[in-house]
Number of protein chains: 2
Amino acid sequence: MTDSHQPAPPRPTSRDVARAAGVSQATVSLVLGGKWPGRVSEATAQRVRECAAELGYRPNLAARSLRLGRTRTALLVVPALTNEFFARVYTGAAAVAAEHDFGVVLYPSPDGTGPARDPFASARAALDGVIASSMASDALSALHGAELPLVMLDSDPAGTDAAAHVNLDIADGMRQVTDHLLGLGHRRFVHLASAVDTWTFAVRAQALREAVGAVPDAEMRTVRAPLNVRAGREATEQALAVAGERPTAIVCDDDILAAGACKAARRLGLRVPDDLSVTGFDDLALATAVEPELTTVQLPAEQVGERGMAALLAVLEGRPAEPGGLPVRLVVRGSTGPPAARA
Amino acid sequence: MTDSHQPAPPRPTSRDVARAAGVSQATVSLVLGGKWPGRVSEATAQRVRECAAELGYRPNLAARSLRLGRTRTALLVVPALTNEFFARVYTGAAAVAAEHDFGVVLYPSPDGTGPARDPFASARAALDGVIASSMASDALSALHGAELPLVMLDSDPAGTDAAAHVNLDIADGMRQVTDHLLGLGHRRFVHLASAVDTWTFAVRAQALREAVGAVPDAEMRTVRAPLNVRAGREATEQALAVAGERPTAIVCDDDILAAGACKAARRLGLRVPDDLSVTGFDDLALATAVEPELTTVQLPAEQVGERGMAALLAVLEGRPAEPGGLPVRLVVRGSTGPPAARA
DNA sequence: GCCTCGAAGTTATACGTAAAACCTCGGGTG
DNA sequence: CACCCGAGGTTTTACGTATAACTTCGAGGC
């Protein structure tokens, strides 16, 4: 409450700049717009730029949007920002957006919290395009009908009618995991899969099935769990309680599930990796926080966001989006090792 | 590439609604604005509302902002979204904002990544207010000079000239931790502190110092580390390598550091909590992913965002912001226990 | 010497909304 | 009867920008 209400020095407009430079408002707009190099003499342009800088002129975005009908704003639809992967996707997208004077506004689809508001009720009018994760399926239905350019992240390229797709080489990642474990000598696997049924997890499952199926004496069981530590632990405890030869490796759809699997192992008196190897997926911060550290697949999350935003910009300008999947990389750490000698 | 460029059915404007309802554009604005209850007959208002709904009319936000000079958009300045705490703060802020038809745009201050762009270069013109974490100190300097209402999160109430403050009862949390450990019988402590020097960490240090200082035979050493697992581990290894009686408890400024401390203990052959008790702060997802699970202080992160946004809305409307700190709660888990019997 | 032409501007307009200021008309009032 | 008044609108304007359409002027061509 120092001097709460100054007369509030009104932000300078292009007209103020024009007055200061002794030209018309249109000239200011021409100069600062940077187009039509031949329309204004370099001397005048220089003067206008100086005055603009001196006054601290910033174009009014609302007016610009109104005039142009475009807002230079994209919507990023993700399941939840508390998921580190999507926080990183946002970071990447925002970085590329900033380079092109674009803004990114988020719609984390409500996971129970908050009222079931239409995310586009207010936003739809102010967006140039949408980047959406396939994992935010509930929000995707709301997208239907919006006539906006759409870039899909990690979704079935054949499934949706998006203007562009940005995908990770998930299948390759899962193959790397399998090769690693098979190379170590593992033959009896459990696939600890995500309970949610999106493309990215379907790809994991299929790649794993194929890789294991190609080895004659290898076998695999699948259990499903929601994406949290406790569920991963409980599912693993169940899986290990099944009669028959104990599996020697658990392949998890996600680091969070892997952390749960490790906890289950410890509870059952099994050592990781001596008695049980565990692999994760994503390489979250979690992966190096637990003991032992997780062997996992590193995903270039920021790049997903960057490519997504770049693709949207391309679509908006009528250019083709850069094709091709993003490479992923197996990181071998302490949670995997050769299986114990057969009992 | 199905039918990429339809004539793009132009979004209906208030004038379209007016035409459909047989009234003037001004009437539509009056009705939909909801003010001046006496200016339009209920019958007419009803008709206008019906036509608007039928046409799917959404006011053009750019035009509204231009007219009103306000954008109904707030900037949230946080260090990094990949920090779960701030992701949750955002979630809370966005939820409250949505209830009031406000938007939240993020400025995660650059931690090395991305160009050193002025975050307000484009945004400043389009913001009604700012909510800033004290941990985003680099971005705060950029705020200086912006004549915007400012709400500070977890910052020294006396230090900044913000319009409102939203603070957690950090000191109380640290006292709960100390009481817990002292009650278990611990007397020799290490404070594993954050290397960054912000208010929230200063409060932790002081509360801890006071609580330990009040017990005659208690002693404490302090070591500092950046907020990541490896640094926490290394700092702990160093602290435990010091000659003299080994400390029996490590109080960490953050769960991430606590995870590092646990790893250090394991490397040195110490069991947690038998040989060494470890406490965290924040109650991140991490806390229940590691083994043993961390005794830590649960912070209502979403509420920080909610209160922050509510405070900003209050300031914008000239109302006083709700005062008072947000309570925090000690959660006792497996990483703390009584110290081993004296050797 | 007249016409054209390009360079370097200017003037004018539209974007969609909110709201101030203005109309219109029927009924009560002095 | 002249007057005002309020209910229920309408007309008009301003917000700040981008750009289409127009002006002006000196140089050059024939």
Side-chain angles (χ1 to χ4, degrees), chain A residues 8-49 51-52 55-73 101 122 124-128, chain B residues 8-49 51-52 55-73 101 122 124-128:
Chain A
R11 164 178 311 287
T13 75
S14 59
R15 212 175 311 267
D16 295 327
V17 175
R19 218 183 331 264
V23 297
S24 76
Q25 178 268 330
T27 303
V28 174
S29 197
L30 288 175
V31 170
L32 270 41
K35 302 161 190 174
W36 305 280
R39 291 289 305 272
V40 180
S41 72
E42 190 45 48
T44 306
Q46 193 60 34
R47 192 153 34 91
V48 168
R49 274 188 286 261
C51 291
L55 294 178
Y57 168 71
R58 302 272 173 218
N60 180 317
L61 295 182
R64 173 176 290 176
S65 293
L66 177 57
R67 178 70 233 260
L68 296 179
R70 270 163 290 116
T71 55
R72 301 192 82 75
T73 300
D101 272 309
S122 58
R124 200 182 284 163
L127 295 175
D128 284 353
Chain B
R11 164 178 312 286
T13 75
S14 60
R15 212 174 309 269
D16 294 327
V17 176
R19 217 182 332 263
V23 297
S24 76
Q25 179 268 331
T27 303
V28 173
S29 197
L30 289 175
V31 170
L32 270 42
K35 301 159 188 174
W36 303 283
R39 293 289 304 272
V40 179
S41 73
E42 189 45 48
T44 305
Q46 194 60 34
R47 192 153 33 90
V48 168
R49 273 188 286 264
C51 290
L55 294 178
Y57 169 72
R58 303 270 172 219
N60 180 317
L61 294 182
R64 173 177 290 177
S65 294
L66 177 58
R67 180 69 237 258
L68 295 178
R70 272 164 289 115
T71 56
R72 302 192 81 75
T73 300
D101 271 309
S122 56
R124 200 181 283 161
L127 295 175
D128 283 355

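A, B, ... follow the sequence lines: proteins, then strands. Residue 1 opens every chain.
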Side-chain contact, heavy-atom cut-off 4.5 Å: A:Arg11 with A:Asn60?
->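 No - every pair of side-chain heavy atoms lies 4.5 Å or more apart.
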Report the distance from atom [atom1] of [X] to atom [atom2] of [Y], rounding to the nearest 0.5 Å.
| X | Y | atom1 | atom2 | result |
| --- | --- | --- | --- | --- |
| A:Arg64 | A:Asp101 | CZ | CG | 7.5 Å |
| B:Leu30 | B:Ser14 | CG | OG | 11.0 Å |
| A:Thr13 | A:Arg58 | OG1 | CZ | 15.0 Å |
| B:Thr73 | B:Leu61 | OG1 | CG | 8.0 Å |

Roughly how many Å is it from [atom1] in [X] to [atom2] in [N], rounded to a whole number?
| X | N | atom1 | atom2 | answer |
| --- | --- | --- | --- | --- |
| A:Asn60 | C:dC15 | CG | C1' | 13 Å |
| B:Lys35 | D:dG8 | NZ | C1' | 19 Å |
| A:Leu68 | D:dA20 | CG | C1' | 14 Å |
| B:Leu32 | C:dG16 | CG | P | 16 Å |
| B:Arg70 | D:dG16 | CZ | P | 14 Å |
| A:Asp16 | D:dG16 | CG | P | 8 Å |
| B:Arg19 | C:dT17 | CZ | C1' | 15 Å |
| B:Arg39 | C:dA21 | CZ | P | 12 Å |

Between B:Ala45 and A:Ala62, who's closer to the 5' end of DNA chain D by nearest nucleotide?
-> B:Ala45
Starting at the 5' end of DNA chain D, which residue's closest nucleotide do you reach first, B:Ala63 or B:Arg15?
->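 Looking at the nearest nucleotide for each, B:Arg15 comes out on the 5' side.
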[X] near the nucleic acid: base, sugar-phosphate alone, or nothing, with a heavy-atom cut-off under 4.0 Å?
| X | answer |
| --- | --- |
| A:Leu66 | base |
| A:Thr27 | base |
| B:Gly38 | sugar-phosphate |
| A:Arg64 | sugar-phosphate |
| B:Ser65 | nothing |
| B:Val23 | sugar-phosphate |
| B:Ser41 | sugar-phosphate |

Quick note, A:Ala26 side chain, CB onward, closest among D:dT12, D:dT17, C:dT11 is C:dT11
Would you indicate which nucleotide in D:dG9, D:dT12, C:dG16 comes nearest to any side-chain atom of B:Thr13?
->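 It is C:dG16.
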If the cut-off is 4.0 Å, is [X] near the phosphate of [N], judged by side-chain N/O to OP1 or OP2?
| X | N | value |
| --- | --- | --- |
| A:Ser14 | D:dT17 | yes |
| B:Thr44 | D:dG9 | yes |
| A:Ser24 | C:dT10 | yes |

With distance as the sole test, does B:Arg15 use its side chain to make a donor-acceptor pair with the main-chain N or O of B:Gln25 at under 3.5 Å?
->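 Such a contact is absent between B:Arg15 side chain and B:Gln25 backbone.
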